[in-house]
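Before any comments, here is the structure.
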Amino acid sequence: MSSSVLYDLPGPRGRRRNQIIGVLATLAIIGLLAWVIYRFYKTGQFEPRRWDQFKFKAVQLEIVHGLVATLKAAGLATLLAVPFGAIFAAGRLSDHRILRVPSSWVVELFRAIPLLILIFFGYYVPLQYGWSISNLWALVIGLTLYNGSVLAEIFRAGVNAVPRGQSEAAYAIGMRKNQVLRLILLPQAVRSMLPAIVSQLVVLLKDTALGFIITYPELLTVGKTIGGRLAFGFPYVPAYLVIGTIYISICGMLSFFAWWLQRRMTRVRTTAAKPLPLTDVNRQV
Amino acid sequence: MTEFLHVLTDHWDLFLKGFGNTVKLFLVAAVGSLLLGTLLGAFRVSPIPALRWFGGAYVNIVRNTPLTLVFAFLVFAVPKLDVNLEYQTAAFTALTVYTAAFICEVVRSGVNTVAPGQAEAARALGLTFDQVLLQVVLPQAFRSMVPPLMSVLIAMLKNTTVAAGFSVLEAGAIPSYMSEFGEPQFYVLIWIVVGFLILITPLVLLQRFLERKLTVAR
């Protein structure tokens, strides 16, 4: 951007230099892409037989089933994580120590444990005690605990983002704590944290791919099955290109939606609360 | 309780090796992704449109791809392109490629937090480009970048466990080894959690410390 602090608007010599570097960079990027495509070509990734599978209805259905399984896990985890987050955020915001301290511990603990380990708790532990639990639920439990805790932090930050004067004014006109939260803080907070929530849902959707490790038949698992077929010359590359495109388009649309929401929020101010930053990578990785 | 302790003491080497590899993965991928991420971040704030475009495309593609897919691609698909990576190299590469996208974003937004007026004022004082960059802009950008960079690195430490699904013996792979010994998995997992808390707590404390120390009053 020309508004960057790093450089002035270039003069004639600077512009020429930038143009030369620009051309060289473009050539380098094209060269890199060409090399990748050549690599693909040389190892026969463009041979029709490696792509033939995608013409079959059964294989297309396999992909659709994988996608449905992914969306199912993500949907269930979202439905559970949002109330989980709301409850623990309320706990952390409480005036009562007895609610605040345990809520903080739960949120901090589940945020510190790697998600895969949380999923393993749902997967291995019931097995040990002889309960049967489907790998869907193992995945959903892990996703709920982790993303619920992150959402709790988003909710808390959202409520804290409402300027203090708002609640002071509400108390001054005689509202109760409950009314202040319900009528003044939440409606404003929800708007300011919506972009952050959506971008956390992208993370949740991406993380369903961990189901692959506990053999939940989601999109990535389907990709491995399709790619592992000898009759089609082990088309792993085409399979993952297709699966990758699906992930990138779904998550990309959601990310774009989050970005759009945030831009809209900063333009149309109907709340005193500032939108939570999307770039807070705490939640995004 | 004794059984709980025995899970650790009987398999001391496995735990040590697993967590040792986790730390190794973390350190190598941290260096790799900081280098790659800073380079991409520099691309994104550069005056060259082609480089800005490349950085943007990289970030948007990688950020919307699951890390597990990056791993799967490197482990299963890349050998089909006649590029053979060892499992551990694949794990380093996957973590680096993935984390670099997030570091790139930190660098970009860090540079953009510096108000343009700062550089303008510096130039008005007659500082040269190097002086503006080294004495005014970068020190301020660096301050706002350190806390989020720590968050990214903490997240990456946790992400190393994904390598467990791809034949790398690190902390996340301990449960599957343990299930061969028939040890109670609940205890195994608790010990892994303890291990991660030991690794993560100093990082979190360091992050909080830096955040307090580096906060810029604006």
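The structure presented is a predicted model; accordingly, all values stated were derived computationally and were not measured. Lettering of chains follows the sequences in order, A, B, ..., and the numbering in each one begins at 1.
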What is the ring orientation for A:Trp259 with A:Phe256, classed by angle as parallel under 30°, tilted 30 to 60°, or perpendicular over 60°?
tilted

Pair count under 4.5 Å, heavy atoms only, with chain B: among A:Leu220, A:Ile243, A:Val23, highest is A:Leu220

Donor-acceptor pair, distance only, cut-off 3.5 Å: does the side chain of B:Arg44 make one with the backbone of B:Cys104?
no

When the 4.5 angstrom heavy-atom criterion is applied to A:Leu109 and chain B, the contacting part is side chain

Do A:Thr208 and A:Thr70 have side-chain N/O donor and acceptor atoms under 3.5 Å apart?
no

Which class fits the ring pair B:Trp191 and B:Phe4: parallel under 30°, tilted 30 to 60°, perpendicular over 60°?
parallel

Is the side chain of B:Ser144 donor-acceptor paired with the backbone N or O of B:Ala141 at a distance under 3.5 Å, no angle test?
yes

What I want to find out is whether A:Arg156 reaches A:Glu153 closely enough, with some N-O distance under 4.0 Å, to be called a salt bridge.
yes

Shorter than 4.5 Å, heavy atoms on both sides: which option in A:Ile214, A:Leu115, A:Ile117, A:Thr26 has the most such pairs with chain B?
A:Ile117

Please state whether the side chain, the backbone, both or neither of B:Leu197 comes within less than 4.5 Å of a heavy atom of chain A.
side chain

Heavy-atom contact with chain B under 4.5 Å, split by part of A:Val237:
both

Choice from A:Cys251, A:Pro235, A:Pro114, A:Ser249 maximising heavy atom contacts with chain B below 4.5 Å
A:Pro114

So, does A:Ser199 use its side chain to make a donor-acceptor pair with the main chain of A:Ala258 at under 3.5 Å?
no

Spell out, as yes or no, whether a donor-acceptor pair under 3.5 Å connects the side chain of A:Glu108 to the backbone of A:Arg111.
no

Side chain, backbone, both or neither: which part of B:Phe129 has a non-hydrogen atom closer than 4.5 Å to chain A?
side chain

From the list B:Val62, B:Leu189, B:Val204, the residue making the most non-hydrogen contacts under 4.5 Å with chain A is B:Leu189

For B:Val162, is it the side chain, the backbone, both or neither that has a heavy atom under 4.5 Å from a heavy atom of chain A?
both

Plane angle bin for B:Phe73 and A:Tyr240 - parallel if under 30°, tilted between 30 and 60°, otherwise perpendicular
perpendicular

Indicate the ring-plane relationship of A:Tyr124 and A:Phe120, choosing parallel, tilted or perpendicular according to the 30° and 60° boundaries.
perpendicular

Under 4.5 Å from any heavy atom of chain A - which part of B:Ile200:
side chain

I want to know whether B:Tyr98 and B:Phe102 have ring centres closer than 6.0 Å.
yes

With distance as the sole test, does B:Arg52 use its side chain to make a donor-acceptor pair with the main-chain N or O of B:Phe43 at under 3.5 Å?
no

With a 4.5 angstrom heavy-atom cut-off, could you sort out which part of A:Tyr129 is near chain B: side chain, backbone, both or neither?
side chain

Can any side-chain N or O of A:Tyr247 pair as donor or acceptor with the backbone N or O of A:Val242 at less than 3.5 Å?
no

B:Thr160, B:Thr161, B:Val132: which one forms the most heavy-atom pairs within less than 4.5 Å of chain A?
B:Thr161

Contact leader toward chain B among A:Gly252, A:Pro238, A:Gly223, A:Ala25, where contacts are heavy-atom pairs under 4.5 Å
A:Gly252

Are the side chain of B:Tyr87 and the backbone N or O of B:Ala163 linked by a donor-acceptor pair below 3.5 Å?
no

With a 4.5 angstrom heavy-atom cut-off, is it the side chain or the backbone of A:Ile113 that approaches chain B, or both, or neither?
both

What part of B:Pro184 gets closer than 4.5 Å to chain A, counting heavy atoms only: side chain, backbone, both or neither?
both

B:Phe196 versus chain A, heavy atoms under 4.5 Å apart: side chain, backbone, both or neither?
side chain

Given a strict heavy-atom distance threshold of 4.5 Å, which part of A:Phe212 is in contact with chain B: side chain, backbone, both, or neither?
side chain

When the 4.5 angstrom heavy-atom criterion is applied to A:Ile21 and chain B, the contacting part is both

Whatever's closer than 4.5 Å to a heavy atom in chain A on B:Ile190 counts as both

Hey, can you tell me if A:Phe54 and A:Trp51 have their rings parallel, tilted or perpendicular (30° and 60° cut-offs)?
tilted

At a heavy-atom separation under 4.5 Å, does B:Phe166 approach chain A through its side chain, its backbone, both, or neither?
side chain

Heavy-atom contacts under 4.5 Å, residues 36-49 of chain A to chain B
A:Arg39, A:Phe40, A:Thr43, A:Gln45

Residues passing the side chain to side chain donor-acceptor pair (under 3.5 Å) test with A:Arg229, sequence neighbours excluded, are A:Gln53, A:Glu62

Between B:Ser151 and B:Gln207, a side-chain donor and acceptor under 3.5 Å
yes

Could you look at B:Ile192 and say if it's the side chain, the backbone, both or neither that has a heavy atom under 4.5 Å from chain A?
side chain

Specify which of B:Leu51, B:Thr68, B:Thr65 makes the most heavy-atom pairs with chain A at under 4.5 Å.
B:Thr68

